[in-house]
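Here the structure comes first, spelled out in structure tokens, and everything after it is commentary.
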Amino acid sequence: MDKQQLREVVVHEVNRVQITDVHTHLYAENFRDLLLWGIDELVTYHYLIAEYFRYSDMAYADFFALSKQQQADLIWQKLFIEHSPVSEAQRGVLTVLAKLGLDVSTRDLNSYRKYFASMSTTDYINKVFEVAGVKEVVMTNDPFDAAEKQIWDKIGYSDSRFKAALRIDPLLNNYERSYIQLQKWGYKVSKDLDQQSIGEIKRFLSEWITKMNALYLAVSLPPTFMVPEDSLRSRIIEQCVIPVSREEDVPFAMMIGVNKQVNFKLGLAGDSLGKSNVGVVEYLCKNYPDNKFMVTMLAKENQHELAITARKFRNLMVFGCWWYLNNPSIIDEITRMRMETLGLSFIPQHSDARVLDQLIYKWTHSRALIAEVLIDKYSDILDADWGLTEAEIKRDVEDLFSNNFWQFLGHNK
Ligand code: FIX
Ligand code: ZN
């Protein structure tokens with residue numbers, strides 16, 4: 001295989017691989033309004049709201065009092081018409097429109113609205129999964145979210161393209177409040193986390209893992225996250241989450257480094273990041289060798305140390321270029337470093353899509369970036385006369401975009 005053939009094969013395999021998206025905020029159709037889709041949701045994505053306010057002195061509350069369409073009109077005018085849409089989130093909107101076959105050159109938001117108005121939710125889910133080349137997504141499922149819990153309690157869902165992950169931020173990051181909700185649900189827990197509470201929290205976790213058929217437990221954590229420490233969070237993790245994660249054989253996914261609501265007036269757009277302590281990942285992997293940990297970190301500065309930690313502990317799966325790292329220049333840098341450090345034993349990307357349409361742009365952009373890294377790394381071994389077959393490249397690509405995840409879970413896909 002020469003370099004030109006290599007490029008053709010890699011691009012072909014990366015562009016056609018059916019993706020398992022291991023972390024999103026999407027929902028199956030049964031979850032009704034929790035599933036966001038369409039041009040007005042796309043243009044009012046919280047990333048774009050933050051970017052809009054770079055140019056606007058409008059009072060935050062006045063903006064959020066507007067309808068989604070009015071917000072989208074303001075954002076479109078400011079970020080797409082008055083300034084060229086070169087940021088990753090701005091460019092992403094253009095990629096979605098183009099991949100759907102709409103005429104981006106008209107810049108006519110109302111004409112795009114007509115297209116989306118013509119689609120049913122069912123048809124549009126099918127369309128997006130097809131155009132994005134995604135076979136399945138993992139949702140973020142939080143039983144403490146009242147709107148979501150009622151769906152789980154009353155109807156559930158049956159679309160196998162949408163997998164569940166049990167999200168436990170309120171339990172771990174705000175037990176002082178969430179224990180009251182647990183009591184209302186019939187769990188005999190108390191504020192001071194006595195032995196009965198430990199047992200009941202474990203019952204809550206097991207019951208919801210079963211109810212959701214959750215693939216993993218997940219939580220987002222601040223830069224100050226530490227275990228062990230004298231805190232409720234540390235105790236619940238070591239005495240409840242770790243044992244149940246092992247007993248149920250589901251990984252514990254830690255998303256580390258988010259500073260919540262540094263500008264609370266921005267809502268979801270108000271979260272920031274901070275450098276975190278990778279030592280906590282090392283401690284957990286070392287002390288709980290029979291547990292599986294998925295970890296992504298938000299600070300660019302943490303990535304190399306996290307990759308080296310994954311070299312030390314086979315029960316650690318590094319995943320994604322999370323949130324503020326999901327930009328071309330950073331995805332390229334991190335993916336190269338990971339491939340040089342871990343070979344192909346990591347999950348290079350997840351979309352974190354909050355709006356269904358984003359699967360199209362987040363994966364279009366990431367496929368191209370990951371393909372370029374693969375081409376360079378394969379070229380290096382071709383230079384050493386290592387022969388490569390198309391089947392081997394297909395195998396490697398399927399590992400990166402799907403099978404590494406399922407094999408780490410212990411599911412033979
Ligand atoms: O905690 C998370 O799952 C984060 O991904 C979200 O809170 C964040 O708003 C997001 O969607 C980033 O892409
Ligand atoms: Zn997320």
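Whatever order the structure lists ligands and atoms in, that order sets their numbers, starting from 1. What's counted below: heavy atoms across the whole structure, side chains too, no hydrogens, waters or symmetry copies.
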**Report entry** Heavy-atom closest pair, residues Ser158 and Asn30
**Finding:** N-ND2, 4.2 Å
Query raised in the report: Taking all non-hydrogen atoms of both residues, which atom of His350 and which atom of Asn326 are closest, and how far apart?
Result: O-ND2, 4.2 Å
**Report entry** Lys/Arg N to Asp/Glu carboxylate O, Asp123 vs Lys127, below 4.0 Å
**Finding:** no
Query raised in the report: Is a salt bridge present between Glu207 and Lys211, judged by a nitrogen-to-oxygen distance below 4.0 Å?
Result: no
Query raised in the report: Is a side-chain donor-acceptor pair under 3.5 Å present for Asn263 with Tyr60?
Result: yes
Requested in this report: Would you kindly say whether Ser329 and Asn327 are connected by a side-chain donor-acceptor distance under 3.5 Å?
Outcome: no
Query raised in the report: Is a donor on one side and an acceptor on the other found under 3.5 Å between the side chain of Asn302 and the backbone of Lys275?
Result: no
Query raised in the report: Protein N, O or S atoms less than 2.8 Å from the Zn ion (ligand 2), ignoring waters?
Result: His23 NE2, His25 NE2, Asp352 OD1
Ligand 1 polar-atom proximity to protein (N/O, under 3.5 Å):
| from | atom 1 | to | atom 2 | distance (Å) |
| --- | --- | --- | --- | --- |
| ligand 1 | 1 (O) | Arg167 | NH2 | 2.6 |
| ligand 1 | 3 (O) | His23 | NE2 | 3.1 |
| ligand 1 | 3 (O) | His25 | NE2 | 3.0 |
| ligand 1 | 3 (O) | Arg167 | NH1 | 3.0 |
| ligand 1 | 3 (O) | Arg167 | NH2 | 3.3 |
| ligand 1 | 5 (O) | His25 | NE2 | 3.4 |
| ligand 1 | 5 (O) | Trp322 | NE1 | 3.0 |
| ligand 1 | 5 (O) | Asp352 | OD1 | 2.9 |
| ligand 1 | 5 (O) | Asp352 | OD2 | 3.0 |
| ligand 1 | 7 (O) | Arg354 | NH2 | 3.4 |
| ligand 1 | 9 (O) | His46 | NE2 | 3.0 |
| ligand 1 | 9 (O) | Arg354 | NE | 3.4 |
| ligand 1 | 9 (O) | Arg354 | NH2 | 3.1 |
| ligand 1 | 11 (O) | Arg354 | NE | 2.9 |
| ligand 1 | 13 (O) | Tyr47 | OH | 2.5 |

Query raised in the report: How far does CZ of Phe64 sit from CE of Met58, to the nearest 0.5 angstrom?
Result: 10.0 Å
Report summary line: Rounding to 0.5 Å, atoms CG (Leu34) and CG (Asp145) come to a distance of 6.0 Å
